[in-house]
Every structure is written in C-alpha cells, then in structure tokens.
Amino acid sequence: MTSQIPTLDIRRFTHPASPEDRQAFVDALGTAYREWGFAGIRNHGIPQARIDAAYAAFREFFALPDEAKRRYHVPGGGGARGYTPFGIETAKGSQHFDLKEFWHIGREIPEDSKYRSVMSPNLWPEEVPAFREVGYGLYQALDALGSQVLSALALHIGLPEDWFADKTDSGNSILRPLHYPPIPDGDVPNIRSGAHEDINLITLLVGASAEGLQVLSRKGQWVPFTADADTIVVNIGDMLQRLTNHVYPSTTHRVVNPPGPKAREPRYSVPFFLHPNPDFLIDALPSCITPDNPNRYPEPITAQGYLEERLREIKLM
C-alpha cells in the first residue's frame, strides 16, 4: 500500500500524450481506489474563478440571520433541497450531531420527468441573487468531471467507457455547500463531521484545502488529507462499493475539529454527491464477482430505495 493518498493528473485521461499514457492513468486511478477509496484530481479544468464565485455566494447565505435561513428549510423533505439547520445530521451510529449546517442543490429536471416525484424542484435564496447561477454552474461542472472519473473506473473493471453515461444522466446528484461554524468551547463531544461513508457512487469535494479531513486507512489509522488548492478530492461511495462488490471500497472518513485558535474559525467546503438515476438497479457487476470475492449482495436494490434507507439512518428522514 502506498504511504499517502495519491493525487493524479486527469489530463492524462482526457488529453493523453499516448494510448499508453491514458491506460497508465486508468491503472493508477483504479489502484488508488482499491487501496484508499480516495484520490486527488488535479488539472480538472474547473476555473478557480468559478469555484471562488460559488464560495462567495455560499458564505453570503450562511451569514444570514438564522430566521432568514430557516425560511428555506423543508420539514419532512429529508434535506433533499434547500437548507438543513445546524444540529440535525448525525453520522450513523454516533451519539452526537455534526457541527454543521448546509444547503442542497439538486438536478434541474423537466416538470413532466418520470423522476419528479422523488426529485423536488430546487429552492433558491432570494437574499443572495448570485446563488442560483454560480451554484448550479458549479453543479454542472462537477457533474461533468464526475462522469470522466466514472469513465476511467469503468475501463479499469472491464466495462465500456460509456457504461455509466445513461445510468447517471438523470441522477439524483446533490451539491452540498457546507458551513462548519466556529466552535466556542474546545471540550464539546461533537465533531464537525462524524466518521462515515458516503451513500452515493462517487463524491467530488471542492475545498479540501482546509484542514480537518481525515481518511481511515486499511491499517486502521486516521490519515489527514489536506489537498492542494487546485485539487478536487474524489472518493468512492457505498453505492459504487455495492455495485462493484467491494472492488472499489467506500472508505470511512471524518472532519475533525481543529486544535487551538483555529477552532474559533469557520470552515466551508462543497462536496458534490454523484448519484445514479433513481430507478437504477444496484446489482453487483458480474466482472466483480469471483471465487475469491463472492457476491456480497445477492439482493439488488434501486438507487432511490437505497438512498431512502440510508437517509433514515443519518436522521435526515
């Protein structure tokens, strides 16, 4: 096992110098995910100005009075769209809620879409005029980057490069601007985000350059992963773990409280949770089932069914 989580140049896949260079990227990415479930992706093509503009709008929203933010909370909505207040989401198995508040932006779909019953229209805060344009622009950019990562992973496990394309083109994917407020008391039992695995196929994290993210290694050690500012962290979620019969493991991670004075500073991050289409059947791929790795999930489940099951576990439903 490598001693640290690798960061890879995705231009070797999108604009390779040679077919061999492209295959080398596929091999390196697959190896990183088999070992860590995490990798950094640089030269991803998303302009820093786009990321900065989105962060500015998100900070502006979280600075609003609590009463204004709660206007966009949808009771009983499972946090699917709009605002989720501080003190609600709780990592599976944890006694303490996470120290965070967040907003959810989902995919824009036609009103007559067959998925409308499980994919609600987006909400947009009137107080921050730029929020919609920069927020959904970042959503689309990360959706496209995620598709490139999935194409490389498909090749690594012997599938056609475009295998995921028609299974994620209407995916119930979520962009989650997050705010971890300052922590006034260093002795609180809560942490900013309790140890967990993500629900979805892959997660793309913009803003992991702030300290706090830790990844649990196969040896049981918490490894800090503070990426360079131009790097997007991409990790495997439980849906892809299940689909690949644990060939790509979903790795436990957390966001810890920083020491000393840094705990008094807010932290912001923006993960994009890439999901399959709601009716996609998560059934272990035959290419990932072997005598040494028998099928762990003989009962398939739809992406929507699995999502709802997990949202109940983390107290969002």
Legend entry - Qualifying side chain to side chain donor-acceptor pair (under 3.5 Å) pairs with a residue from residues 135-150, counting only residues at least two apart or across chains: R107-D143
Legend entry - For R132, all residues meeting salt bridge (charged side-chain N to carboxylate O under 4.0 Å, His left out), sequence neighbours excluded: E108
Legend entry - Any side-chain heavy-atom pair of I174 and F272 under 4.5 Å: no
Legend entry - Connected-component partners of Y115 among ILVMFWY, side-chain separation under 4.5 Å: I109, V118, M119
Inset, instruction - Measure centre to centre between the rings of Y33 and F38, then say whether the value is under 6.0 Å. - result: no
Legend entry - Selection residues 37-51 - residue pairs positive for salt bridge (Lys or Arg N to Asp or Glu O under 4.0 Å), sequence neighbours left out: D9-R42
Inset, instruction - Could you list the residues that satisfy side-chain contact (heavy atoms from CB on, under 4.5 Å) with P224, not counting sequence neighbours? - result: none
Inset, instruction - Determine, step by step, whether I301 and E309 satisfy the side chain to side chain contact (heavy atoms under 4.5 Å, CB included) criterion, reporting the C-alpha distance in whole Å, the side-chain angles of both residues, the deciding distance to 0.1 Å, and the verdict. - result: CA-CA 10 Å; I301 187 171; E309 181 180 290; 3.9 Å; yes
Legend entry - Working for salt bridge (Lys or Arg N to Asp or Glu O under 4.0 Å), residues E35 and R218: CA-CA 8 Å; E35 292 184 356; R218 302 286 172 257; over 6 Å; no
Legend entry - Summary of salt bridge (Lys or Arg N to Asp or Glu O under 4.0 Å) pairs that have at least one residue in residues 112-122, sequence neighbours excluded: E111-R116, K114-D279
Inset, instruction - Give a yes-or-no answer on whether the side chains of Y72 and E127 include a donor-acceptor pair shorter than 3.5 Å. - result: yes
Legend entry - side chain to side chain donor-acceptor pair (under 3.5 Å) contacts touching residues 19-31 (sequence neighbours left out): R12-D21, S18-E20, R22-E161, Q23-D27
Inset, instruction - Check whether any side-chain N or O of N277 sits under 3.5 Å from a backbone N or O of G171 as a donor-acceptor pair, and report yes or no. - result: yes
Inset, instruction - Give a yes or no on whether the backbone of Y83 and the side-chain of H73 come within a donor-acceptor separation of less than 3.5 Å. - result: yes
Inset, instruction - Any pair with a residue in residues 73-82 that passes salt bridge (Lys or Arg N to Asp or Glu O under 4.0 Å), sequence neighbours left out, goes on the list, sorted by first then second residue, please. - result: none
Inset, instruction - Treat each ILVMFWY residue as a node, draw an edge where side-chain heavy atoms are under 4.5 Å apart, and state whether F273 and I232 are in one component. - result: no
Legend entry - Flag, side chain of T203 to backbone of V234, donor-acceptor distance under 3.5 Å: no
Inset, instruction - Report yes if some heavy atom in the side chain of P278 is under 4.5 Å from a heavy atom in the side chain of T302; otherwise report no. - result: no
Legend entry - Residues that K167 engages under salt bridge (charged side-chain N to carboxylate O under 4.0 Å, His left out), provided they are two or more places apart: none
Inset, instruction - Using side-chain contact (heavy atoms from CB on, under 4.5 Å) as the criterion, list what pairs up with P129, not counting sequence neighbours. - result: none
Inset, instruction - Let me know which of N200, D198, T251 forms a side chain to side chain donor-acceptor pair (under 3.5 Å) with N235. - result: D198
Legend entry - Sidechain-backbone polar pair: Q241 side chain, S250 backbone, donor-acceptor under 3.5 Å: yes
Legend entry - Salt bridge present between E197 and R254 (N-O < 4.0 angstrom): no
Inset, instruction - Could you tell me whether H179 and F102 have their ring centroids closer than 6.0 angstrom? - result: no
N/O donor-acceptor pairs under 3.5 Å from side chains in residues 293-300, not counting sequence neighbours:
unit_1 : atom_1 : unit_2 : atom_2 : d
N293   : OD1    : R296   : NE     : 3.3
N293   : OD1    : R296   : NH2    : 3.2
N293   : ND2    : N245   : O      : 2.9
N293   : ND2    : C288   : O      : 3.2
N295   : OD1    : Y297   : N      : 2.8
Y297   : OH     : H246   : NE2    : 2.6

Inset, instruction - State whether the side chain of Y306 and the backbone N or O of I199 hold a donor-acceptor pair below 3.5 Å, judged by distance alone. - result: no
Inset, instruction - Would you check if the distance from the ring center of W103 to the ring center of F62 is below 6.0 Å? - result: no
Inset, instruction - Please answer whether the main-chain N or O of L243 pairs with a side-chain N or O of Y248 as donor and acceptor at a distance below 3.5 Å. - result: no
Inset, instruction - Could you list the residues that satisfy salt bridge (charged side-chain N to carboxylate O under 4.0 Å, His left out) with R70, not counting sequence neighbours? - result: D66
